[in-house]
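We name chains A, B, ... by the order of the sequence lines, and we start the count at 1 in each one. Note that the coordinates shown come from a computational prediction; the quantities given were computed from them, not determined experimentally.
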There are 2 protein chains.
Amino acid sequence: MASIKDVAAEAEVSVATVSRVLNDHPSVSAAARVRVLAAVDALGYRPNAVARSLRTDQTRTLGLVISDVLNPYFTELARSVEEEARALGYSVIIGNADERPELQDHHIRTLLDRRIDGLLVSPTDGGSPQMLDAALAGTPMVFVDRWIPGLDVPVVRADGTGAVRDLVAHLHGLGHRRLAIIAGPAATTTGSERVEAFRDALAAYGVPLPDVYIGQGDFQAESGRRVTEGFLDLPVPPEVVFATDNLMALGALDAVRARGLRVPDDLALAAFDDIRWFVHTDPPITAIAQPTGDLGRAAVRAVVDRIEGRAPASVTLPARLVVRSSCGESSATNRSQP
Amino acid sequence: MASIKDVAAEAEVSVATVSRVLNDHPSVSAAARVRVLAAVDALGYRPNAVARSLRTDQTRTLGLVISDVLNPYFTELARSVEEEARALGYSVIIGNADERPELQDHHIRTLLDRRIDGLLVSPTDGGSPQMLDAALAGTPMVFVDRWIPGLDVPVVRADGTGAVRDLVAHLHGLGHRRLAIIAGPAATTTGSERVEAFRDALAAYGVPLPDVYIGQGDFQAESGRRVTEGFLDLPVPPEVVFATDNLMALGALDAVRARGLRVPDDLALAAFDDIRWFVHTDPPITAIAQPTGDLGRAAVRAVVDRIEGRAPASVTLPARLVVRSSCGESSATNRSQP
DNA sequence: AACGTCGATGTAATCGATTCCACAAGGAGG
DNA sequence: CCTCCTTGTGGAATCGATTACATCGACGTT
């Protein structure tokens, strides 16, 4: 592959001049510029990003470590992150943690070794040594969706409390009184926050959230299935299950179906995170939708702000309830079952 | 960030010795080794991958350019690719083309600039100059899922002809005679191949595939919706629509639903690419499943073979039909409608 | 006419690793 | 006791860029 030396030789100038033309430095004569450009063209020369990064100490690359690529929420996030980054002249390297802390660490380490300029993380756990090191070592970093309390790192996330309140109002209005939740890992903020929001919203109606109605999931479909089966085996099963992510909702659906039961008649279902397929499931699923694209874009702007020396800001955007028919009744009229 | 020089100073050896320890070169004394390791530990030193790549002319990185991250098929592919690559000691950088040739080119160019060791591509078009250059310039390259005819590049893909034949048998058995297809872009192999397979399978039953029953889509949901509306507006609409990817099937479902019609009674539906949600859609969707994980792994092994000097082989794996209820009747018994 | 300024260019240092080569010390073999 | 080989080590070149510094005309000013 042609190097800058080859271009210099071809254009009969020094490598310095070639470099100047490429980085359009002002003091280059028009004549030299055309000769260099012609040489670049003739040789099909492309600057070696590796060499450039070594010298300039910047890679114009962002690392994004997400909890699970197979979760549509995160792939949408990844897409918007890449889009905004590209618009700002950065590339993105995605690391998929698969909800496993050790994999997350592997990716953070690898990304740091590559000297990425900034890091976007949606942590799977309460904070591994790797991540703390990264934060401490001064690599510009921003948390997306989930975060780790106590670290001085900006957070870009959606606030679901209002939407959860709306959801509980909706469920209560439909006459449901025994409400259960499938929680995510307690080590994640989204895991615990959503349970809190749910509990608080129920409290406003004087409805308790007993421990047996709190199932421990891990944001994966299988755990949603397992927890839902547990609920159905209870002496007094819940009337509604609120899955705190879309994959666990899928698992819940699997469990209900396996028993030959029906949603919402035998068990109503709602989910956190709205995805396109929820419109076409049987029945269409009521969900809380996050402004995913906005989150991704805001997160990129935040890291880039830090990278380029501006002060980055945390961002919190509201989520909203999307009512469909998986909790019973139609969406428009809130009458209780006949 | 600490460099190899700092480590050398701390351990009171030369940088050469540090490098030897790090790459466990045989001739280093035990004493030197422990001193270096201690220094590495004390400084929290991690080798700069950028510098290393510049010197060794290898990045131990694979580029993967996929057509659309929002398509679950491709995200599953990406996941298995990353997994296998990691097992072989490589990292993966994913580029999302969003089915847009110019974006695909952008990513290929960026990846090449970064001097990735190998490239995995699922081309969105018939072959851009970028891609040809990459192939010609000798960057180890493998096509996954889709490919470009006439290039001497190994292809790892699923063969759907058998499954399509099974699908047509299933549909014919159910009494369907007016079968339509939503094709992908003609420039992609999967776009044209699936239509051919469908046409051939129909021919075996003496059923024609008229042009009006071939809708032109682009592998995105919106095109599936549009094409399906067109079908429904026909004087003699088809009885079945076969969407050649899962997103267009989603669009088709949208279109049917928007008209207040039902699947399969008013229009039966089948799709290429099976995804988890198809089990829970209303109705569950009959689909052709690809061995996605196997494809991803095989593709990685193929590029790595080329990178490491072995001869890479093309791989073709069979897809299989998964019958559900979106085409009418039950899956087990193939009797025609009562 | 002498001098300072400015634009265009080249030389060489530099980034952080790897690796070739030279060299010293020590052991084996004659 | 001398040579030869092996082992461990350091110096320095190298990868492909960027950039500080030096140089050299040409030009304008006094």
Side-chain angles (χ1 to χ4, degrees), chain A residues 1-37 39-40 43-61 109-117 137 139, chain B residues 1-37 39-40 43-61 89 91 109-117 137 139:
Chain A
M1 194 156 275
S3 83
I4 196 169
K5 269 191 204 148
D6 304 316
V7 176
E10 174 84 10
E12 298 180 296
V13 295
S14 70
V15 292
T17 301
V18 176
S19 179
R20 288 194 190 97
V21 170
L22 264 30
N23 297 285
D24 42 37
H25 183 96
S27 73
V28 178
S29 69
R33 165 164 288 118
V34 301
R35 285 225 308 288
V36 168
L37 258 20
V40 163
L43 298 173
Y45 168 75
R46 300 243 77 212
N48 184 328
V50 175
R52 186 200 298 256
S53 293
L54 177 61
R55 182 59 234 251
T56 60
D57 199 34
Q58 52 161 333
T59 50
R60 292 206 74 83
T61 301
R109 197 170 15 238
T110 308
L111 291 168
L112 257 26
D113 286 353
R114 287 172 177 271
R115 303 299 194 264
I116 47 153
D117 293 341
T139 305
Chain B
M1 194 156 276
S3 85
I4 196 170
K5 267 190 206 151
D6 303 317
V7 176
E10 174 84 12
E12 297 181 295
V13 295
S14 71
V15 293
T17 300
V18 175
S19 178
R20 289 196 190 94
V21 172
L22 264 31
N23 297 285
D24 41 38
H25 183 94
S27 73
V28 178
S29 69
R33 167 163 287 117
V34 302
R35 286 224 309 288
V36 168
L37 259 19
V40 165
L43 299 173
Y45 169 75
R46 299 243 77 212
N48 184 327
V50 175
R52 185 201 299 255
S53 293
L54 176 60
R55 182 57 231 253
T56 61
D57 199 35
Q58 52 163 331
T59 50
R60 292 205 74 82
T61 300
S91 297
R109 195 169 18 234
T110 309
L111 290 168
L112 258 26
D113 285 354
R114 286 170 177 273
R115 302 300 191 264
I116 46 154
D117 294 339
T139 304

J.: Does OP1 or OP2 of dG8(D) have a side-chain N or O of Thr17(B) closer than 4.0 Å?
T.: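 No, outside the criterion.
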J.: Sequence neighbours excluded, which residues qualify as side chain to side chain contact (heavy atoms under 4.5 Å, CB included) partners of Val15(A)?
T.: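 Result, side chain to side chain contact (heavy atoms under 4.5 Å, CB included) vs Val15(A): Ile4(A), Lys5(A), Ala8(A).
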J.: Please list, chain by chain and in numerical order, all residues satisfying side chain to side chain donor-acceptor pair (under 3.5 Å) with Asn48(A), sequence neighbours excluded.
T.: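 For Asn48(A) there are no side chain to side chain donor-acceptor pair (under 3.5 Å) partners, ignoring immediate neighbours.
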J.: If I take atom CZ in residue Arg114(A) and atom P in nucleotide dA17(C), what distance separates them, rounded to the nearest angstrom?
T.: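 Rounding to the nearest Å, CZ of Arg114(A) and P of dA17(C) are 15 Å apart.
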J.: May I have the distance from Asp24(A) (atom CG) to dT19(D) (atom C1'), rounded to whole angstrom?
T.: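 Those two atoms, CG and C1', are 15 Å apart.
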J.: Scan Ala32(B) against the nucleic acid and name what it touches under 4.0 Å (heavy atoms): base, sugar-phosphate only, or nothing.
T.: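 Sugar-phosphate only.
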J.: Please identify each residue that fulfils side chain to side chain contact (heavy atoms under 4.5 Å, CB included) with Asp117(B), with sequence neighbours left out.
T.: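 Per chain and number, Asp117(B) pairs via side chain to side chain contact (heavy atoms under 4.5 Å, CB included) with Gln58(B), Thr59(B), Arg60(B), Tyr90(B), Ile307(B).
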J.: Base of dG8(D), side chain of Arg33(B) - is there a donor-acceptor contact under 3.5 Å?
T.: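 Answer no: no donor N or O sits under 3.5 Å from an acceptor.
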J.: Between C1' on dT18(D) and CG on Leu22(A), what's the gap in Å once rounded to a whole number?
T.: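 Roughly 11 Å, once rounded to whole Å.
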J.: For Asp113(B), what residues pass the salt bridge (Lys or Arg N to Asp or Glu O under 4.0 Å) criterion, not counting sequence neighbours?
T.: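 If we apply the salt bridge (Lys or Arg N to Asp or Glu O under 4.0 Å) test to Asp113(B), skipping adjacent residues, the hits are Arg46(A).
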J.: Hey, which sits more toward the 5' end of DNA chain D by its nearest nucleotide, Asn23(A) or His25(B)?
T.: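 Taking each residue's closest nucleotide, the earlier one in sequence belongs to His25(B).
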J.: How many angstroms lie between atom OG1 of Thr139(B) and atom CE of Met1(A), to the nearest 0.5 angstrom?
T.: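 Thr139(B) OG1 to Met1(A) CE: 5.0 Å, rounded to 0.5 Å.
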J.: Indicate, with a heavy-atom threshold strictly under 4.0 Å, whether Ser19(A) touches base, sugar-phosphate, or nothing.
T.: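 The residue Ser19(A) makes base contact.
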J.: Which atoms of nucleotides 13-16 of chain D (N or O only) lie under 3.5 Å from a protein N or O atom, and what are those distances?
T.:
from, atom 1, to, atom 2, distance (Å)
dT14(D), O2, Arg55(B), NH1, 2.8
dG16(D), N2, Ala51(A), O, 3.4

J.: What are the two closest heavy atoms between Glu10(A) and Leu43(A), and how far apart are they?
T.: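 Scanning both residues completely, I find the closest heavy atoms to be CB-CD1, 4.1 Å.
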J.: Does Thr61(B) have any side chain to side chain donor-acceptor pair (under 3.5 Å) partners at least two apart in sequence or in another chain, and if so, which?
T.: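 Side chain to side chain donor-acceptor pair (under 3.5 Å) list for Thr61(B), sorted by chain: Arg114(A).
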J.: Kindly write out the residues that satisfy side chain to side chain donor-acceptor pair (under 3.5 Å) with Ser53(A), not counting sequence neighbours, or none if the list is empty.
T.: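 Checked Ser53(A) against side chain to side chain donor-acceptor pair (under 3.5 Å); zero matches.
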J.: Angle between the two end axes of the helix from dA1(C)-dT30(D) to dG30(C)-dC1(D), five base pairs per end, rounded to 10 degrees?
T.: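 The end-segment axes of the helix from dA1(C)-dT30(D) to dG30(C)-dC1(D) are tilted 60° relative to each other.
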J.: Return the polar atom pairs (N/O with N/O) between nucleotides 23-25 of chain C and the protein under 3.5 Å, or none.
T.:
none

J.: Is there a side-chain polar atom (N or O) of Ser27(A) under 4.0 Å from OP1 or OP2 of dG7(C)?
T.: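 No, because none of the side-chain N or O atoms of Ser27(A) sits under 4.0 Å from OP1 or OP2 of dG7(C).
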J.: Quick one: list whatever passes side chain to side chain contact (heavy atoms under 4.5 Å, CB included) with Ala11(B), sequence neighbours left out.
T.: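 Ala11(B) satisfies side chain to side chain contact (heavy atoms under 4.5 Å, CB included) with Val13(B), Arg35(B), Val36(B), Ala39(B) only.
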J.: Identify, with sequence neighbours excluded, every residue that meets side chain to side chain contact (heavy atoms under 4.5 Å, CB included) alongside Ala9(A).
T.: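 Partners of Ala9(A) by the side chain to side chain contact (heavy atoms under 4.5 Å, CB included) criterion come out as none, since no residue qualifies.
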J.: Output all residues satisfying side chain to side chain donor-acceptor pair (under 3.5 Å) with Ser19(A), sequence neighbours left out; order by chain, then residue number.
T.: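 For Ser19(A), the residues satisfying side chain to side chain donor-acceptor pair (under 3.5 Å) (neighbours in sequence not counted) are Asn23(A).
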